[in-house]
Amino acid sequence: MSKQFDVVVIGAGPGGYIAAIRAAQLGMSVACIDAWTDDKGGPAPGGTCTNVGCIPSKALLQSSEHFEHANKHFAEHGISTGKVTMDVATMVGRKDTVVKQNNDGILYLFKKNKVSFFHGRGSFSKAVEGGYEIQVKGAKDETLVGKQVVVATGSNARALPGVDFDEINILSNDGALALGAVPKKLGVIGSGVIGLEMGSVWRRLGAQVTVLEGLPTFLGAVDEQVAKEAKKAFDKQGLKIELGVKIGEVKGGKKGVSVAYTDAKGEAQKLDVDKLIVSIGRVPNTIGLNPEAVGLQLDERGAVVVNDLCQTNLPGVWAVGDVVRGPMLAHKAEEEGVAVAERMAGQHGHVNFNTIPWVIYTSPEIAWVGRTEQQLKQDGVKYKAGSFPFMANGRARALGDTTGFVKMLADAATDEILGVHIVGPLASELIAEAVVAMEFKASSEDIARICHAHPSLSEATKEAALAVDKRTLNF
Ligand code: FAD
Ligand code: NAI
């Protein structure tokens with residue numbers, strides 16, 4: 001006997017669980033299926049983000065940052081500690097607790113919002129009168145029918161061709177978040193977001209980290225000036241980043257991993273490391289979904305094809321998050337989840353792709369929204385730029401973290417803010433003001449005229465806005 005729902009959501013990552021909750025809030029009967037299983041065999045909703053992504057990486061970044069502060073910066077404050085040591089098992093255990101709190105939080109939210117949760121793998125079996133039949137294979141097999149279906153099955157780490165992840169020595173993000181000890185030598189392939197964040201964690205804890213990047217430019221999607229400032233800081237920290245390499249044979253053995261590569265000069269090189277993280281992007285995941293059963297269209301990368309409204313080629317079937325086009329970010333997945341739920345309820349859900357913020361949680365943090373200076377040049381847009389260094393910000397000096405700056409780009413004619421780029425302390429939090437400003441189509445003058453608390457890092461944003469008009473007050 002099948003169970004009938006207005007909506008069946010497949011996947012309980014940030015795209016799926018948020019879509020399920022919002023649909024239930026709007027009065028629909030909702031089922032959400034998720035396959036993720038914890039080490040005791042129980043459900044672990046939250047997807048990549050909660051289990052092996054955003055949340056655990058930030059937990060380890062926090063622990064390793066405390067360690068670095070205790071080792072390198074406490075003395076400046078007059079605090080002496082003696083020898084500071086790191087118990088990796090405790091750090092990883094704390095991370096696991098943080099993950100579990102988030103898994104449990106989602107199960108609680110499902111109960112609160114009357115979303116029926118099914119632990120198992122969901123796959124399309126057929127289209128039926130007024131909907132789609134979905135089989136759940138899990139601890140208890142079930143047959144569900146949804147009038148509408150949301151596919152939110154996320155993504156998986158991309159492996160180098162012919163080099164499988166063993167998660168012991170050749171690691172994806174999964175293994176990189178669960179190391180039992182600090183490796184003496186750590187190799188990272190790909191200087192993207194994961195490479196920099198995970199490389200930073202293990203470098204702070206004492207690993208000698210070498211990052212090998214295929215492209216000749218560092219963080220090509222980031223504003224050039226910001227990328228340059230960040231690179232300078234990473235170099236100073238001892239995070240070795242080699243650009244323009246071509247990876248050759250990767251040989252994993254019991255003792256470690258050997259990576260043959262050609263450097264930017266075309267010379268053959270070899271990197272021997274204890275552990276290797278491969279972070280060269282992610283691929284959309286539809287494993288076990290059985291899209292063929294209903295004729296759900298995928299593109300050549302395996303992503304579910306959707307239009308701007310997240311509608312697939314099938315009536316009543318939607319898809320959101322990492323499994324569709326666009327940036328692979330948790331907050332983008334969530335926004336799409338909300339918008340789809342509202343559209344299913346006949347409302348006008350909305351996602352503004354131009355104001356999705358990006359954050360890289362390294363030290364210094366890197367955050368941006370809108371277009372970079374190089375994109376504006378490419379698009380032939382006339383703009384004014386203003387920046388303000390944290391060195392001239394009182395709060396940053398008191399914090400002891402004066403690296404970086406806030407940079408604002410505004411339209412030369414209308415003064416509308418077109419992009420804000422931050423490298424420095426708490427850039428992840430500061431960027432929210434810029435997102436709000438851009439959503440409200442604010443001008444740089446608007447920000448310059450708003451009272452910002454003193455002393456605060458946000459004053460650097462106000463000063464960057466003043467700098468657009470060449471009238472900073474504190475620099
Ligand atoms: P996912 O989170 O991947 O969830 C998909 C879920 O669907 C999973 O639970 C999966 O088990 C389940 N599933 C798949 N197929 C089926 C099926 N057939 N049946 C049932 N269940 C199924 N983004 C940020 O915005 N900020 C960050 O700081 C950040 N840090 C990251 C750090 C790392 C190391 C990684 C790897 C990613 C990070 N991301 C971050 C990206 C973020 O995790 C993803 O963009 C986000 O999780 C995508 O959400 P989603 O719901 O589309 O998919
Ligand atoms: P990425 O796309 O950020 O970076 C991959 C890097 O690997 C690129 O610089 C690319 O040029 C390089 N590369 C690709 N193939 C290569 C090869 N064969 N040899 C050498 N270099 C190669 O991907 P990453 O870091 O794996 O992260 C995946 C996604 O997860 C991110 O794009 C992001 O969407 C999400 N994420 C977001 C975070 C955040 O928001 N803070 C944190 C971590 C991940």
Side-chain angles (χ1 to χ4, degrees), residues 5-34 45-49 53-54 106 113 115 122-124 127 130-132 134 144-156 282-358 435 439:
F5 293 91
D6 292 329
V7 180
V8 173
V9 180
I10 308 176
Y17 92 78
I18 288 291
I21 289 173
R22 185 72 189 118
Q25 283 176 349
L26 290 166
M28 290 174 255
S29 62
V30 183
C32 186
I33 311 165
D34 192 86
T48 301
C49 167
C54 324
I106 295 167
N113 289 283
V115 171
S123 58
F124 282 106
Y132 298 87
I134 286 146
L144 313 182
V145 170
K147 288 183 192 153
Q148 306 202 62
V149 178
V150 181
V151 176
T153 47
S155 64
N156 291 319
R282 298 180 61 81
V283 286
N285 168 40
T286 53
I287 298 169
L289 183 65
N290 200 19
E292 306 82 22
V294 287
L296 179 66
Q297 193 189 346
L298 309 185
D299 68 13
E300 62 294 344
R301 293 183 317 125
V304 176
V305 177
V306 288
N307 63 12
D308 285 353
L309 302 178
C310 292
Q311 288 167 313
T312 68
N313 64 314
L314 301 174
V317 179
W318 311 74
V320 300
D322 281 11
V323 78
V324 304
R325 46 79 196 115
M328 288 186 169
L329 295 173
H331 41 282
K332 176 264 192 183
E334 290 183 15
E335 290 302 300
E336 287 183 331
V338 168
V340 160
E342 292 177 351
R343 286 170 196 144
M344 289 191 296
Q347 298 183 356
H348 298 279
H350 168 76
V351 181
N352 184 354
F353 284 94
N354 298 320
T355 52
I356 294 174
W358 274 87
V435 177
E439 276 288 354

Heavy-atom check, side chain of [X] versus side chain of [Y], under 4.5 Å:
X: Arg301; Y: Val283; value: no
X: Val317; Y: Phe124; value: yes
X: Ile10; Y: Val149; value: yes
X: Met344; Y: Val150; value: yes
X: Leu296; Y: Val304; value: yes
X: Met28; Y: Phe5; value: no
X: Glu335; Y: Leu329; value: no
X: Leu26; Y: Gln347; value: yes

Main chain of [Y], side chain of [X]: is a donor-acceptor contact present, judged purely on distance under 3.5 Å?
X: Asn313; Y: Gly295; answer: yes
X: Thr153; Y: Asn285; answer: yes
X: Arg282; Y: Ser155; answer: yes

Is the CG atom of Asn307 crowded by more than 12 outside heavy atoms at less than 6.0 Å?
->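 Counting neighbours around CG of Asn307, more than 12 heavy atoms of other residues, nucleotides or ligands fall under 6.0 Å, so yes.
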Which atom names give the shortest non-hydrogen contact between [X] and [Y], and what distance separates them?
X: Ala127; Y: Val294; result: N-CG1, 3.8 Å
X: Val115; Y: Ala20; result: CG2-O, 3.7 Å
X: Thr286; Y: Gly302; result: CG2-O, 3.9 Å
X: Val324; Y: Ala319; result: CG1-CB, 3.5 Å
X: Ile106; Y: Pro45; result: CD1-O, 3.6 Å
X: Ser123; Y: Gly288; result: CB-O, 2.9 Å

Within this structure, what is the [atom1]-[atom2] distance for the pair [X] and [Y], rounded to the nearest 0.5 Å?
X: Arg325; Y: Asp308; atom1: CZ; atom2: CG; result: 6.5 Å
X: Tyr132; Y: Lys147; atom1: OH; atom2: NZ; result: 14.0 Å
X: Cys32; Y: Asn113; atom1: SG; atom2: CG; result: 11.5 Å
X: Ile33; Y: Ile134; atom1: CD1; atom2: CD1; result: 5.5 Å
X: Leu309; Y: Glu336; atom1: CG; atom2: CD; result: 10.5 Å

Run the side chain to side chain contact (heavy atoms under 4.5 Å, CB included) check on Thr312 and Gln297 step by step: do they pass?
-> CA-CA 7 Å; Thr312 68; Gln297 193 189 346; over 6 Å; no
Trace of the side chain to side chain contact (heavy atoms under 4.5 Å, CB included) decision for Asn156 with Ile287 = CA-CA 10 Å; Asn156 291 319; Ile287 298 169; 3.7 Å; yes
Determine, stepwise, if the pair Thr48 / Met328 fulfils side chain to side chain contact (heavy atoms under 4.5 Å, CB included).
-> CA-CA 11 Å; Thr48 301; Met328 288 186 169; over 6 Å; no
